[in-house]
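Worksheet for the structure shown next.
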Amino acid sequence: MKKGLAVTMSVVLVSSVLAACGKNEEGSTSPQPSAGSQANAAKETAKYTISTSDPKLKWDTPIGKLLTEKTGVQFEYVPVLPSDQQKYDIWLASGDYPDVVTYGRAEKYRDGGALIPLETLIDKYGPNIKKKFGKFYDLLRDKDGHIYTLYNVNLAQETPANVQSSFAVQYDVLKEAGYPEVKTLDQLFDVLKAYYDKHPTVDGQEVVAFSGAGPDLTFNNPAINAAGLPDHGRFYIDASNNVHLALTADFTKDYYKFLNKLQNAGMLDKEIFSLNYETMGAKIAQGRVLAGYVPQWVLTSPEQSLVAAGKASKQYAKLSVYFNDKVADHSNTVVASGSNNNWGITKNAKNPERIIQFIDFLFTDEGQKLINWGIEGQHYDLVDGKRVRKQEYIDKVKADPDYAVKEGTSGIYTRFSFGDGAKLDDGDYATPTTTAFIQKNYDQPTKDILAKYGKKVWADFLPKPEYIPAYLWQLNAPEEVNAIFKKIEGIWVKETPKVILAKSPEEFEKAWSSLVAEIDKGGQKKLEQLWTDTWKTYVDSYNKTVK
């Protein structure tokens with residue numbers, strides 16, 4: 001679900017590969033600042049190259065200049081477009097890679113001898129890194145005991161104010177129903193049916209009572225979410241750390257029953273099996289989709305279109321919906337790191353301790369305020385001792401999508417943030433994503449409907465976050481997994497429509513049994529065992545490391 005975190009311990013976590021070619025531009029070998037004293041940086045600037053997937057980034061910004069002033073380090077971005085990722089291997093083969101490579105999968109560069117171990121440098125020059133990682137520090141270590149990449153540590157102790165549930169229900173639907181409690185799928189069905197029966201069309205177009213946005217967001221993730229389980233992709237993990245395929249789980253069958261009920265009531269999107277994120281977004285922007293399982297990254301743009309068109313009441317309440325009122329919600333989970341772009345220092349970097357000192361500064365409260373909040377008086381003010389985003393800055397960002405990049409409040413270094421919902425030693429938040437900030441930017445219809453439910457932000461519908469060792473999809477899949485899963489996925493895509501479109505309970509049961517049997521023949525048990533072995537190995541290492 002567009003999530004990604006970092007490399008940890010003996011099993012390297014998986015995410016996008018971002019790397020680039022570049023030559024070191026190291027400056028003077030003047031005396032180095034002592035550990036933990038990045039504010040008194042070396043007199044002459046040390047220059048390094050670093051890969052990035054964002055071609056708009058530049059160092060010559062107010063934040064970039066201040067970071068250099070504080071640390072004596074300057075970076076030159078080497079942009080690499082997602083379509084150019086094949087160059088990753090070329091750079092490794094030629095040795096013409098940047099001083100710092102930012103990516104999630106480190107095995108090739110590590111095994112190719114391109115990355116230098118960092119633990120000795122961190123011991124000497126990274127006291128704040130070690131302090132903030134705390135009990136999670138040894139998660140940075142690879143299976144050989146060395147640390148090859150650095151990333152952020154998630155220190156949030158509360159649900160970030162911008163996080164929200166993915167079951168979305170149109171404001172108008174809830175208003176007409178008198179703002180009822182909608183916590184179960186049965187309650188959701190009843191509310192939708194009552195509105196749909198009265199309003200079969202909108203602006204001359206057919207109303208869609210319930211829709212989805214591609215296979216995972218329609219047939220997989222909502223079932224897992226309704227069961228109150230963490231997002232492990234197509235899998236779930238039981239209390240004994242055994243991995244099971246979610247596609248054939250009893251809770252998935254129950255969710256398919258909900259979709260089948262909608263289908264037989266004429267309330268399910270007729271294009272449910274062919275929609276993707278873009279086509280779903282287009283329908284939402286028309287104001288004719290009453291509800292669906294739609295994450296915010298899909299909703300943001302179409303909701304903005306609705307507001308611009310004067311249809312703010314067609315926006316969506318983001319509610320936590322379960323199979324029944326007995327479900328215990330453990331879906332709001334976090335892991336120790338929130339980065340999907342680790343920093344690996346390559347052999348090309350001269351005086352690599354300067355880079356460690358730079359990163360160590362980012363792990364100070366001063367560094368966090370600078371990379372997350374910006375410059376006091378320019379990007380934020382202190383109001384009653386609390387940091388508050390300047391309205392002038394907010395307005396400029398709204399007017400110019402690239403303004404944050406130009407100011408440097410958006411940069412590759414922000415990936416070392418302690419996370420939304422984390423607090424610094426002064427008791428104030430590490431990032432501007434606070435309840436007050438999010439609430440301030442809501443329009444009046446959104447504030448009104450939240451007030452009806454006694455909430456300030458959509459995050460208030462979620463339980464307190466729980467730490468888990470990792471998400472399964474972060475771990476490197478065993479070699480045999482891909483072929484088996486590809487076969488099973490093909491069966492799932494083929495058989496699922498037969499279950500959803502069943503015209504009777506008997507036909508539903510027959511179609512479901514067929515789906516389960518075919519997936520079983522496709523290698524489900526072997527797939528689950530491979531992942532169980534991988535997961536248990538990781539968890540054993542995690543438990544030994546994090547005490």
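For this chain, numbers begin at 1 and follow the sequence in order. These figures come from a predicted structure and were not determined experimentally.
- Residues Leu150 and Leu140 are in side-chain contact: their nearest non-hydrogen atoms beyond the backbone lie under 4.5 Å apart.
- The backbone N or O of Tyr48 sits nowhere less than 3.5 Å from a side-chain atom of Arg354 that would complete a donor-acceptor pair.
- A cation-pi contact links Lys423 to Tyr429, judged by a cut-off of 6.0 Å to the six-membered ring centre and 45° from its axis.
- A side-chain donor-acceptor contact under 3.5 Å links Thr333 and Tyr471.
- Annotation: cation-pi pair Lys132/Phe363 absent, no NZ/CZ under 6.0 Å from the ring centroid and within 45° of its normal.
- The backbone N or O of Pro98 sits less than 3.5 Å from a side-chain atom of Thr346, completing a donor-acceptor pair.
- Leu229 places none of its side-chain heavy atoms less than 4.5 Å from the side chain of His330.
- For the residue pair Gln524 and Glu528, a side-chain donor N or O sits within less than 3.5 Å of a side-chain acceptor on the partner.
- At a cut-off of 3.5 Å, with distance as the only test, no side-chain donor of Gln157 or Lys464 sits close to an acceptor on the other residue.
- Looking at Arg110 and Asp144, no side-chain N of the basic residue comes within less than 4.0 Å of a carboxylate O on the acidic one, giving no salt bridge.
- Between Tyr109 and Tyr97, the distance separating the two ring centers is shorter than 6.0 angstrom.
- Donor-acceptor pairing under 3.5 Å is recorded for the side chains of Asn225 and Tyr293.
- Val73 has its side chain out of reach of Thr68: every pair of non-hydrogen atoms, C-beta onward, lies at least 4.5 Å apart.
- Counting only N and O atoms by type, the side chains of Thr431 and Asn372 include no donor and acceptor under 3.5 Å apart.
- For the ring pair (Phe, Tyr, Trp, His ring centres under 6.0 Å) with Tyr413, the qualifying choice from Phe361, Trp59, Tyr151, Phe358 is Trp59, the only one to do so.
- With a 4.5 Å cut-off on side-chain heavy atoms, Ile488 and Leu247 count as touching.
- Two rings, from Trp535 and Phe235, have their centers 6.0 Å or more apart.
- A salt bridge does not link Glu392 to Lys398: none of the charged side-chain nitrogens sits closer than 4.0 Å to a carboxylate oxygen.
- Here Glu76 does not pair with Lys47 in a salt bridge; the nearest charged N to carboxylate O distance is not below 4.0 Å.
- Remark: the backbone N or O of Arg387 is paired with a side-chain donor or acceptor of Asp428 at under 3.5 angstrom.
- Side-chain polar atoms of Thr159 and Asn332 form a donor-acceptor pair below 3.5 angstrom.
- In the model, Thr102 has a side-chain atom that pairs as donor or acceptor with a side-chain atom of Ser51 under 3.5 Å.
- Nearest approach of Ser320 to Ser165, heavy atoms of both residues: OG-OG, 2.6 Å.
- Relative orientation of the Tyr393 and Tyr403 rings is tilted, given thresholds of 30° and 60° on the angle between their planes.
- For the 3.5 Å distance criterion, the side chains of Gln296 and Thr300 qualify, holding a donor opposite an acceptor.
- Between His146 and Tyr148, the angle of the ring planes goes over 60°, which puts this pair in the perpendicular group of the 30/60° scheme.
- Under 4.0 Å is where a charged nitrogen must lie from a carboxylate oxygen, and between Lys130 and Asp360 no such pair does.
- Each of Ile468, Thr532, Val539, Val243 was evaluated against Ile237; a single residue qualifies, Val243, per the side chain to side chain contact (heavy atoms under 4.5 Å, CB included) test.
- Contact of the Val298 side chain with the Leu217 side chain is registered, since non-hydrogen atoms from C-beta on lie closer than 4.5 Å.
- Side-chain atoms of Asn348 and Asp99 form no donor-acceptor pair, as typed in the model, at a separation below 3.5 Å.
- Between the side chains of Asp123 and Thr120, not a single donor N or O lies within less than 3.5 Å of an accepting N or O.
- Contact of the Lys406 side chain with the Lys56 side chain is not registered, since no non-hydrogen atoms from C-beta on lie closer than 4.5 Å.
- A donor and an acceptor atom, one from each side chain of Ser331 and Asp329, are located under 3.5 Å apart.
- Salt-bridge check for Glu489 with Arg234: passed, with a basic side-chain N closer than 4.0 Å to an acidic carboxylate O.
- No donor-acceptor pair closer than 3.5 Å links the side chain of Ser417 to the backbone N or O of Thr414.
- By the 4.5 Å heavy-atom criterion applied to side chains, Val153 and Phe416 are not counted as neighbours.
- Salt-bridge formation is not detected for the pair Glu69/Lys65: no Lys NZ or Arg NE/NH1/NH2 atom is positioned less than 4.0 Å from an Asp or Glu carboxylate oxygen.
- Aromatic pair Trp343/Phe75: ring centres closer than 6.0 Å.
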